[in-house]
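In what follows, a single structure is set out as structure tokens and then discussed.
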Amino acid sequence: SFAQESLWFLHQLEPGRHDYNVPAVMRFRGRLHVAALERSLNEIVRRHEILRTTFAVIDGQPSQVIAPELSMPLIIEDLRTLAVPNLESEALRRVSEEAQRPFDLKAGPFARAILLRLAEDDHYLVLTAHHIVCDGWSLGIFTRELTALYQAFSTNQQASLRELPLQYADFAIWQREWIHSEDFDRQFRYWQRRLGGPMPYLELPADRPRPASATFRSGTQRFAIPRVLTEALVRLNHSEGATLFMTLLTAFKTLLHHYSQQQDIIVGAPVAGRNRGALEDVIGFFVNTVVLRTDFSGDPTFKEMLGRVRSVTLEAFDHQDLPFSKVVEMLRPEEDDYFVLKP
């Protein structure tokens, strides 16, 4: 797919990075049937071709190569043998270390599993995949299937998961054919109108100069919104025909406008990219990025801005099939660094 192609080329430029690792951690308390767990993992690999996929260069272009069979060995690390004062801290250190271990996109496979044993009845399962075969939605699929399969195999039952009607390669083929369609032209004309011409940098006050290139260093701030405020936001959503995403995005854009005093505020947002029912249960890299550009001119009220953000968001979601990499490639913005693909 075009999204995979972008990640593959980025890897050629900077191999050995872990920026696109997608980790998931599960904790098992109680008796664990290790053989059933490993069998469950390998049944998921059998069901989803993308987990048996590697990449080969054919006629100068990367192509998917799907192995008819591939096993995912479950590596077991018994932390009880280590002379450390705190097994819990050591387990969390190993989780972080494993989540950041890079993949080799030239060889594969692009998913791995490690089981950390803290006690006979206490384990961490660390699953790590490269974004080129997986996205956030896929982790939910993986978790649901692993739960159902483990419950079946650990009790010597047959699993009841239905076979998938489509695989990720089917989506990639459809996408390559779709770019020659009228719908592709329609969506491209929309993004050409929205993003054509020079793109503004967001000039926020900062305590150090903007770096010459992206570093991807960032942080996370977690906080709770009080219930009374949440209820007020829900009432506002209902009265304005908006969603909570639109309302919070309006608040975020208003904050950026306040700090920058710029009228043209652009924010990127991920979309699941699964707008067809047959794709809902398929593991793969479907996520896309849409660009939400809002005009703050005319000193609008917050409700007026919410209306503008609502309109822009609905339009963008209606034109979300166009891969973000194709938007960048075809529009060729003057400042390529502005459009670094980072779902």
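Side-chain atoms are counted along with the backbone in the values below, which use heavy atoms only and exclude waters and symmetry mates.
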How long is the span from the [atom1] atom in [X] to the [atom2] atom in [Y], to the nearest 0.5 Å?
| X | Y | atom1 | atom2 | value |
| --- | --- | --- | --- | --- |
| L306 | L249 | CG | CG | 9.5 Å |
| T313 | F317 | OG1 | CZ | 6.0 Å |
| R39 | S154 | CZ | OG | 10.5 Å |
| E98 | I75 | CD | CD1 | 9.5 Å |
| T254 | Y259 | OG1 | OH | 12.5 Å |

Do the side chains of [X] and [Y] get close enough for a salt bridge, i.e. N-O under 4.0 angstrom?
| X | Y | answer |
| --- | --- | --- |
| R117 | E77 | no |
| R31 | E120 | no |
| E315 | R308 | no |
| R52 | E69 | no |

Discussion item. Assess the residue pair W137 and V287 against the criterion (side chain to side chain contact (heavy atoms under 4.5 Å, CB included)); give the C-alpha distance rounded to whole Å, side-chain angles, the decisive distance to 0.1 Å, and a yes or no.
Written reply: CA-CA 8 Å; W137 185 300; V287 69; over 6 Å; no

[Y] and [X], any side-chain heavy atoms less than 4.5 Å apart:
| X | Y | answer |
| --- | --- | --- |
| I132 | L105 | yes |
| H123 | R29 | no |
| L127 | L125 | yes |
| Q12 | K106 | yes |

Practice prompt. Kindly determine whether K326 and E5 satisfy salt bridge (Lys or Arg N to Asp or Glu O under 4.0 Å), including the steps that lead there.
Written response: CA-CA 11 Å; K326 295 299 290 183; E5 188 177 58; over 6 Å; no

Closest contact, heavy atoms only, [X] versus [Y]:
| X | Y | result |
| --- | --- | --- |
| I179 | F184 | O-CD2, 3.2 Å |
| W178 | Q187 | CZ2-NE2, 3.6 Å |
| A148 | L161 | CB-CD2, 4.2 Å |

Practice prompt. Show your reasoning for whether ring pair (Phe, Tyr, Trp, His ring centres under 6.0 Å) applies to F28 and Y124.
Written response: CA-CA 6 Å; F28 293 86; Y124 277 111; 9.8 Å; no

Looking only at side-chain N and O atoms, does [Y] offer a donor or acceptor that is under 3.5 Å from a partner on [X]?
| X | Y | result |
| --- | --- | --- |
| R186 | H319 | yes |
| S138 | R274 | yes |
| S96 | Q100 | yes |
| Y168 | T53 | no |

Is the count of non-hydrogen atoms from other residues, nucleotides or ligands lying under 6.0 Å from [X] atom [atom1] greater than 12?
| X | atom1 | answer |
| --- | --- | --- |
| F245 | CZ | yes |
| E182 | CD | no |
| E231 | CD | yes |
| F302 | CZ | yes |

Worksheet item: Centroid-to-centroid, F2 to F285, below 6.0 Å?
Response: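 No; F285 has its ring centre 6.0 Å or more from that of F2.
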
Could you tabulate the donor-acceptor pairs under 3.5 Å formed by side-chain atoms of residues 262-273, not counting sequence neighbours?
| from | atom 1 | to | atom 2 | distance (Å) |
| --- | --- | --- | --- | --- |
| Q262 | OE1 | E203 | N | 2.6 |
| Q262 | NE2 | Y201 | O | 2.9 |
| Q263 | OE1 | S297 | N | 3.2 |
| D264 | OD1 | R293 | NE | 3.1 |
| D264 | OD2 | R293 | NE | 3.0 |
| D264 | OD2 | R293 | NH2 | 2.7 |

Worksheet item: When you look at E240 and K303, which way does the salt bridge (Lys or Arg N to Asp or Glu O under 4.0 Å) test go after all the steps?
Response: CA-CA 8 Å; E240 300 301 316; K303 284 189 176 181; 3.7 Å; yes

Fill in: From CA spacing to verdict: side chain to side chain donor-acceptor pair (under 3.5 Å), Q4, Q64
CA-CA 10 Å; Q4 286 181 312; Q64 295 191 61; 3.2 Å; yes

Worksheet entry | By side chain to side chain contact (heavy atoms under 4.5 Å, CB included) - contacts of N21 (at least two apart) | H18, F103, R112, T128, H130

Worksheet item: Linking I/L/V/M/F/W/Y whenever their side-chain heavy atoms sit closer than 4.5 Å, directly or via other members, would L146 and L32 fall into one cluster?
Response: yes

Discussion item. Side chain to side chain donor-acceptor pair (under 3.5 Å) for N237 and T247? Distances and angles first, verdict last.
Written reply: CA-CA 7 Å; N237 295 337; T247 302; 2.3 Å; yes

